[in-house]
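A short worksheet on the structure shown next.
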2 protein chains.
Amino acid sequence: MSTVSERPPSLADVARVAGVSPSTASKALNDRTDVKRATKERVVRIARELGYSPNPVARALSQGPTGTVGVVTSDLEGRFALPMLMGVEDALGADRVLTFLCDARGDDMREARLVQTLLERRVDGIIIVGRQPDPRPSLGRLSVPVVYAYSESDDPLDTSITVDNTDVGRRAAEHLLSLGRTRIAHISGEPDHSASVRRLEGFQAALDAASVEMAGPPLFGNWSEGWGRAAMGRALSEAPDLDAVFCASDQIARGAIDALHDRGIGIPDQIAVIGVDNWQVLAENARVPLSTVDLQLKRLGRVAAARLMAAMAGRPAPGLEQLGSRVCARQSTIPLR
Amino acid sequence: MSTVSERPPSLADVARVAGVSPSTASKALNDRTDVKRATKERVVRIARELGYSPNPVARALSQGPTGTVGVVTSDLEGRFALPMLMGVEDALGADRVLTFLCDARGDDMREARLVQTLLERRVDGIIIVGRQPDPRPSLGRLSVPVVYAYSESDDPLDTSITVDNTDVGRRAAEHLLSLGRTRIAHISGEPDHSASVRRLEGFQAALDAASVEMAGPPLFGNWSEGWGRAAMGRALSEAPDLDAVFCASDQIARGAIDALHDRGIGIPDQIAVIGVDNWQVLAENARVPLSTVDLQLKRLGRVAAARLMAAMAGRPAPGLEQLGSRVCARQSTIPLR
DNA sequence: CTGAAAGCGCTTACAG
DNA sequence: CTGAAAGCGCTTACAG
């Protein structure tokens, strides 16, 4: 237990001890030109000795940028926001720029209020993290830059960073094809989510390119394990000679694995299974560890933060940027030797 | 798309339009005494008309509190921090107090740096969210109040809010006993986690109180599904006449359910299963929806924030506060009629 | 009941 | 190269 510090040393304290004016001390500490080398070194040394750290509140008041950004999410319950948050933190450098995290709870009014509050707090920028990869209404022009992550803004002049879901479908297909599988079914999620639609498109395109036909029609339902269990049964009756299944989420894939297991069907020797998300706790702990397309959400967070910083520095990059994904292969597609 | 606003109106602007001095305007807006009623109303009206909102940065500089708190977590990957964060946000009121969220990534050095950064930012208080319910080193006395949530501080003079894990074990046992089960096994997690130890204690105590003997020795391993699957088999050979099993986490319980399912054992008619965490995506989607002891982490977050606000208001409550849990019954213990 | 003045801690033209 | 002065936007004794 250290003792309670009095008042933390101010610039004025440093200046007094160093025997210079506050203005000079400020310049010395901020690497401004026109400070004698010796003076600068002395000030810096004394600042360190005194344990001086500039008061960001005061600095913000006089200087402009506050060194804070706001992150508004709607998915704190879910698992998508977290990896993105970590990426944002990485890119921002938690020591330099701090993030205000606010959860809109899926309420548009609440979101508007939060954005307003962040603006009042004079954040330097805002990242809006969506919860579905579907377009969402733009916030319009604000007094600070805004970047939309995961869900794109419906205004093409805004900066949006999302997952390229056709790429997801394509990679899943190519992975299975590369293993020699040709009787591939597809179990998807909600039919009206763009994630479902785009993943199917990419999947279909890759099959087409390989002149392989999909085994049975794509099955749409929801994103749950229960649906995965049910749909797997249906897929098997549509195409009894299946040798692989592409599930549009890890939860669905977990259900599919259980359904196959119950029928005594070997994974991956008889049927290979691949999911989407790389949600570790689900994928690694499946009875057969699950191969999956990793959305690389942490990277998405990093890119979003990088674009935000660029915009704050006066270099906005309007438009939609879609990030690629990556297959993470485990035993559900690649048997242990 | 609204247009970019010029400079937001300042107090001085409001004062000028209202024909009063900035001091008077400030008092009027802040409900200070000694302002003529009419004056006050005029200032308030004009402030509203101008869309004035006080600059929190300036206010913080002159007044003291910044209206911000820091939350340092180590579990952004995991699922425990999130519900707590939501509780914190609820209690703080996201419109009044904003939270800086920082993830220490399980690195003590990084944690120390983050706390330092938060202090420099002049947060009004700090909440340290742990990732295991084991004691963690105290940060010592800081210049602002600190509350430890989930993991308690090793200094009893700090304010810590945690889950009462003996209560967890007790409730699980009482729930199963109330259903008439008497041959109850226990599959736990890591043997050296206090969560494991305390949950066993509570469980044992409740069995003792009912003069029921535990079915076989408690099984320790880790918190994973894989362990749950393996341990369930072992529990069955230790006590073939089992009629219930208390798993120390939902993940373990999921594994146990799978193992029982594979053996054709009916849940809950033959064996009832209860887990801990109420991690919805796991519990609700199990092939038999999982009964579980809910840790009420959101509430824990709310309580932690409430204690922090009390401390910031000069009413600290040192010591450890352990919060009770609650059984959330689903079909794995209560059969559908 | 109102306002002039000082101050929170820093930065930045501007003079010297 | 250095420092006095003004200012960022607000609050709070203190005088009137």
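Keep in mind that the numbers below use all heavy atoms, side chains included, and drop hydrogens, waters and symmetry copies.
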Flag for A:Ser21-A:Thr24: side-chain donor and acceptor within less than 3.5 Å:
yes
Please list, chain by chain and in numerical order, all residues satisfying side-chain contact (heavy atoms from CB on, under 4.5 Å) with A:Glu41, sequence neighbours excluded.
A:Arg37
Under the 3.5 angstrom rule, does the side chain of A:Ser138 hit a backbone N or O of A:Ser153 as a donor-acceptor pair?
no
Name all pairs fulfilling the salt bridge (Lys or Arg N to Asp or Glu O under 4.0 Å) condition that reach into residues 303-314 of chain A, sequence neighbours left out, sorted by first residue then second.
A:Arg307-A:Glu321
So, using side-chain contact (heavy atoms from CB on, under 4.5 Å) as the criterion, who are the partners of A:Ala195 when residues are at least two apart?
A:Pro133, A:Asn165, A:Arg199, A:Trp223
Mapping B:Arg122 and B:Lys36 to their closest nucleotides on DNA chain C, which lands nearer the 5' end?
B:Lys36
If you look only at distance, which donor and acceptor atoms sit under 3.5 Å apart when one is on a side chain in residues 9-18 of chain A and the other is two or more places apart or in another chain?
{"unit_1": "A:Ser10", "atom_1": "OG", "unit_2": "A:Ala12", "atom_2": "N", "d": "3.2"}
{"unit_1": "A:Ser10", "atom_1": "OG", "unit_2": "A:Asp13", "atom_2": "N", "d": "3.3"}
{"unit_1": "A:Ser10", "atom_1": "OG", "unit_2": "A:Asp13", "atom_2": "OD2", "d": "3.4"}
{"unit_1": "A:Asp13", "atom_1": "OD1", "unit_2": "A:Arg16", "atom_2": "NH1", "d": "3.4"}
{"unit_1": "A:Asp13", "atom_1": "OD1", "unit_2": "A:Arg16", "atom_2": "NH2", "d": "3.3"}
{"unit_1": "A:Asp13", "atom_1": "OD2", "unit_2": "A:Arg7", "atom_2": "NH1", "d": "3.4"}
{"unit_1": "A:Asp13", "atom_1": "OD2", "unit_2": "A:Ser10", "atom_2": "N", "d": "2.7"}

Does A:Glu120 have any salt bridge (Lys or Arg N to Asp or Glu O under 4.0 Å) partners at least two apart in sequence or in another chain, and if so, which?
none
Let's test your reading of the pairing rules: Watson-Crick or G-U wobble, both distances under 3.5 Å, then write DNA chain C as a dot-bracket string with ( ), [ ], | and dots.
|||.||||||||.|||
Mind listing the residues from residues 16-26 of chain B sitting with a heavy atom below 4.0 Å of DNA chain C? Number order is fine.
B:Val20, B:Ser21, B:Ser23, B:Thr24
Mapping A:Asn30 and B:Val35 to their closest nucleotides on DNA chain C, which lands nearer the 5' end?
B:Val35
Quick one: ring-ring contact (aromatic ring centres under 6.0 Å, His included) partners of A:Tyr148, sequence neighbours excluded?
none
Stepwise, does the side chain to side chain donor-acceptor pair (under 3.5 Å) test hold for A:Thr66 with A:Asp124?
CA-CA 6 Å; A:Thr66 54; A:Asp124 301 329; 3.2 Å; yes
Pair A:Arg141 + A:Asp158, salt bridge at N-O below 4.0 Å
yes
For chain A, the stretch of DNA chain C it reaches, first to last nucleotide, under 4.0 Å of its heavy atoms
C:dG9 to C:dA13
Hits for side-chain contact (heavy atoms from CB on, under 4.5 Å) against B:Asp90, two or more places apart or cross-chain, chain-then-number order -> A:Arg105, B:Lys298, B:Arg302
List the residues meeting salt bridge (Lys or Arg N to Asp or Glu O under 4.0 Å) with A:Arg136, not counting sequence neighbours, and say none if there are none.
A:Glu111
Ordered by number, residues from residues 41-56 of chain B within less than 4.0 Å of DNA chain C (heavy atoms) are none
Could you tell me whether a side-chain N or O of A:Arg299 sits under 3.5 Å from a main-chain N or O of A:Gly324, the two making a donor and an acceptor?
yes
